[in-house]
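Reckoned from all heavy atoms, side chains included, excluding hydrogens, waters and symmetry mates.
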Amino acid sequence: MSAPPTPDAGPISDADAGPIPAPGDGPIPTADAGPMSAPDTGRIPTAAATAPTPTPPRAPAPDTALERSAERTAKAAARGGGHPVRLRALDGLRLLAALMVAAYHYGGRDGEITQAWGSSPRAQFPTLSSYFAYGCLGVQIFFVISGFVICMSGWGRPLRSFFASRVSRLYPAYWVAIILVTGVFALPWVAYKTVSPSDALVNLTMLQQPLGVDRVLGVCWTLWAELRFYALFALFVVLPGATRHRVVLFCAVWTLGSAFAEASDLPLLDVVLMPEYSSYFIGGMGIYLLHRFGHDALAWGIIGISFLIGQHYAIRELWHPADIDAFSYRSATGIIAVVAFGYVAVTLIALGKLNWANWRWLTVAGALTYPFYLVHEHLGWVVVWVLHQKLGIPSYGTFALTVLVMLGLAWLLYRFIEQRFTPMIKRSLSTARL
């Protein structure tokens, strides 16, 4: 859910920093800084000086694998050009995923939102509710985007810088969202249950879920998944230094480890490796390898395998047989199609196929995504209740106005919280003495 950072200035190859010079490309540099020979004095050269220099033995052909790696590095450098590029289409996809989740929370499920509408959302949206039910898959799309963005932002960064960027990006808006929802739910005229003061304080750490504490924000379970991904990526990629080889190895080991965790049924492995979500993050990293190094069989293999596993978990969690008593029915084909859309959209953006979508407003859309995601569900219940039951605004008008109100609140959080405090926290953590 974090804003997509721009790529770093130059690609780093898993073999070396630049192309390997071929024999005869130029003089071999020496250890000192100046010329090896003295200037010409006009003296007659001696026999020793005029004797022919023995021909050196032919150098062995450079290693083919290294040549290929160097060629990939050169191509990546040529594509990047050393200048950051804002992937505005990715910003737009992030907002689309957030709006999908909002549609699910407002009209694609039962629960507390039923109190806000005064009846089931299925009665409010007889046709659209069955489509809104697929909106929960916006989370899977978020995870694919996150795999791409975190691999991009962590490349070439030291661990401290990576840590500072993640903390400063996640926490300021999150803290304010916790305070806002806790305060609004404590109002006597709001019918929704608030958590205890102690639990609200624990929620400020973002570790409430593993600690078994009541959540202030329903969406924060996805942040717990994100935190675990950040920790694994920092430990196995950022700390030793991001390279293509290391990212490929990390994706392969995490995929196998997730399969082992599923087979072993050990709770600790499930918590650490999160097999139900890992494939989406891994797919995003594979897509970033395409973006950075171009078409590559290994990268395509990572993407393909992660999609095959990801759609399996999506269907396992969300599909059920048609049941007249269930709120909605999601077909297996529909679930696969939405998951595939996420993978395809991020891949097209990574390959530059959507560079035409370079509108400035998409940058603002990307900036609003995270605060909107944080506040839209719980505060949205209150807004729906006021607009629909108190003011009598029809269902579709209430839906649209609620989304606009939450986007407006997200803009306020971005403008007055994130823009002010994110750079301050990032600077403080980057310069803090260990």
The test is side chain to side chain contact (heavy atoms under 4.5 Å, CB included); show your working for Val375 and Val181 and say whether it passes.
CA-CA 8 Å; Val375 301; Val181 172; 5.6 Å; no

Yes or no on side-chain hydrogen bond (donor to acceptor under 3.5 Å, both in side chains) for His388 and Trp117, after CA distance, side-chain angles and deciding distance?
CA-CA 7 Å; His388 188 64; Trp117 288 115; over 6 Å; no

Audit row: Tyr104, Phe132, ring-ring contact (aromatic ring centres under 6.0 Å, His included) steps and yes/no:
CA-CA 5 Å; Tyr104 169 70; Phe132 289 162; 9.9 Å; no

Could you go through the side chain to side chain contact (heavy atoms under 4.5 Å, CB included) check for His295 and Leu351 one step at a time?
CA-CA 9 Å; His295 293 284; Leu351 295 177; 4.1 Å; yes

Hey, mind stepping through Trp155 and Tyr288 against ring-ring contact (aromatic ring centres under 6.0 Å, His included) and telling me if it holds?
CA-CA 11 Å; Trp155 205 285; Tyr288 180 69; 5.8 Å; yes

CA sep, side-chain torsions, deciding dist, call: Ser146, Glu226, side-chain hydrogen bond (donor to acceptor under 3.5 Å, both in side chains):
CA-CA 8 Å; Ser146 183; Glu226 292 276 352; 2.6 Å; yes

I'd like to know whether Phe260 forms a side chain to side chain contact (heavy atoms under 4.5 Å, CB included) with Leu273, so could you lay out the CA-CA distance, the side-chain angles of the two residues, the decisive distance to 0.1 Å, and finally the verdict.
CA-CA 10 Å; Phe260 293 153; Leu273 299 178; over 6 Å; no

For a side-chain hydrogen bond (donor to acceptor under 3.5 Å, both in side chains) check, start with the C-alpha distance between Ser328 and Arg122, then their side-chain angles and the critical distance, and finish with the verdict.
CA-CA 8 Å; Ser328 60; Arg122 188 166 56 179; over 6 Å; no

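A donor-acceptor pair under 3.5 Å is formed between the side chain of Thr205 and the backbone N or O of Val202. The backbone N or O of Ser331 sits less than 3.5 Å from a side-chain atom of Tyr134, completing a donor-acceptor pair. Between the side chain of Asp265 and the main chain of Asp270, no donor-acceptor pair closer than 3.5 Å is present. When atom types are taken as modelled, the side chain of Trp319 and the backbone of Ile335 share no donor-acceptor pair closer than 3.5 angstrom. Counting only distance, with no hydrogens or angles, the side chain of Arg228 and the backbone of Trp224 share a donor-acceptor pair below 3.5 Å. Proximity of a side-chain donor or acceptor of Tyr280 to a complementary backbone N or O of Gly310 within less than 3.5 Å is detected. Between the side chain of Ser428 and the main chain of Met424, a donor-acceptor pair closer than 3.5 Å is present. The closest donor-acceptor contact from the side chain of Ser153 to the backbone of Ile150 lies under 3.5 Å. Arg215 contributes no side-chain N or O that, together with a main-chain N or O of Asn203, makes up a donor-acceptor pair within less than 3.5 Å. Put simply, the side chain of Ser264 gets close to the backbone of Ala261: a donor and an acceptor are under 3.5 Å apart.
Outside the 6.0 Å centre-distance limit, the rings of Phe236 and Trp254 are not counted as a close aromatic pair. In summary, the aromatic rings of Phe125 and Tyr396 are positioned with their centroids under 6.0 Å apart. The distance between the ring centers of Tyr277 and Phe229 does not fall below 6.0 angstrom.
Put simply, the residue from Trp300, Phe143, Phe307, Phe148 that forms a ring pair (Phe, Tyr, Trp, His ring centres under 6.0 Å) with Tyr343 is Phe307.
In terms of the salt bridge (Lys or Arg N to Asp or Glu O under 4.0 Å) criterion, Glu112 has no residue partners (sequence neighbours excluded). Every residue two or more places apart in sequence or in another chain that forms a salt bridge (Lys or Arg N to Asp or Glu O under 4.0 Å) with Glu418 is listed here: Arg169.
A cation-pi contact, defined as under 6.0 Å to the ring centre and within 45° of the axis, is absent between Arg157 and Phe162.
Residue Ile282 holds its CD1 atom at 3.5 Å from OG1 of Thr255, rounded to the nearest 0.5 Å. For the atom pair CZ (Arg88) and CG (Asn355), the distance works out to 11.0 Å, reported to the nearest 0.5 Å. Atoms CG and CH2, from Leu204 and Trp175 in turn, are 8.0 Å apart once rounded to the nearest 0.5 Å. Taken to the nearest 0.5 Å, the CG atom of Leu298 stands 11.0 Å off from the CG atom of Leu249. Atom CE in Met274 sits 10.5 Å away from atom OG in Ser279 (nearest 0.5 Å). Leu413 contributes atom CG, which lies 11.5 Å from atom CZ of Phe421 (distance to the nearest 0.5 angstrom).
When every heavy atom of Ile178 is checked against every heavy atom of Ala200, the shortest pair comes out as CG2-O, 4.1 Å. The minimum heavy-atom distance linking Ile302 with Cys251 is given by the pair CD1-CB, 3.9 Å. Shortest non-hydrogen contact noted between Ile113 and Pro121 is CG2-CG, 3.7 Å. Nearest heavy atoms, Ala116 versus Gln389: O-NE2, 2.8 Å. A pairwise comparison of heavy atoms in Asp91 and Leu362 identifies CB-O, 3.0 Å as the closest pair. Shown here for Pro275 and Ser258, the closest heavy-atom pair between the two residues is CB-O, 3.4 Å.
Ion pair Asp296/Arg244 flagged as a salt bridge, since at least one NZ, NE, NH1 or NH2 atom sits closer than 4.0 Å to an Asp/Glu carboxylate oxygen.
Within a 6.0 Å sphere centred on CZ of Phe163, heavy atoms belonging to other residues, nucleotides or ligands number 12 at most. Shown here is Tyr131, whose OH atom has no more than 12 heavy atoms of other residues, nucleotides or ligands within 6.0 Å.
Ring-plane geometry between Trp385 and Trp189 is classed as parallel, the angle between the planes falling under 30 degrees on a 0 to 90 degree scale with a further cut at 60. Ring geometry for Tyr373 against His376 counts as tilted: the plane angle lies between 30° and 60°, on a 0 to 90° scale. Relative ring orientation between His378 and Trp381 is described as tilted, the plane-to-plane angle lying within the 30° to 60° band.
No side-chain heavy atom of Thr222 sits under 4.5 Å from any side-chain heavy atom of Phe142. Between Tyr230 and Leu170 there is a side-chain heavy-atom pair separated by less than 4.5 Å. A heavy-atom distance below 4.5 Å is found between the side chains of Met406 and Leu379. Taking 4.5 Å as the limit, some side-chain heavy atom of Val382 sits within range of a side-chain heavy atom of Phe185. Counting only heavy atoms from C-beta outward, the side chains of Tyr174 and Leu374 approach each other to under 4.5 Å. Side chains of Cys136 and Arg330 form a contact here, defined as non-hydrogen atoms less than 4.5 Å apart. For the pair Ile303 and Leu290, the minimum side-chain heavy-atom distance is below 4.5 Å. Contact annotation: the side chain of His291 approaches that of Leu87 to within less than 4.5 Å [non-hydrogen atoms, C-beta and beyond].
Applying the salt bridge (charged side-chain N to carboxylate O under 4.0 Å, His left out) rule to pairs touching residues 309-322 yields Glu262-Arg316, sequence neighbours excluded.
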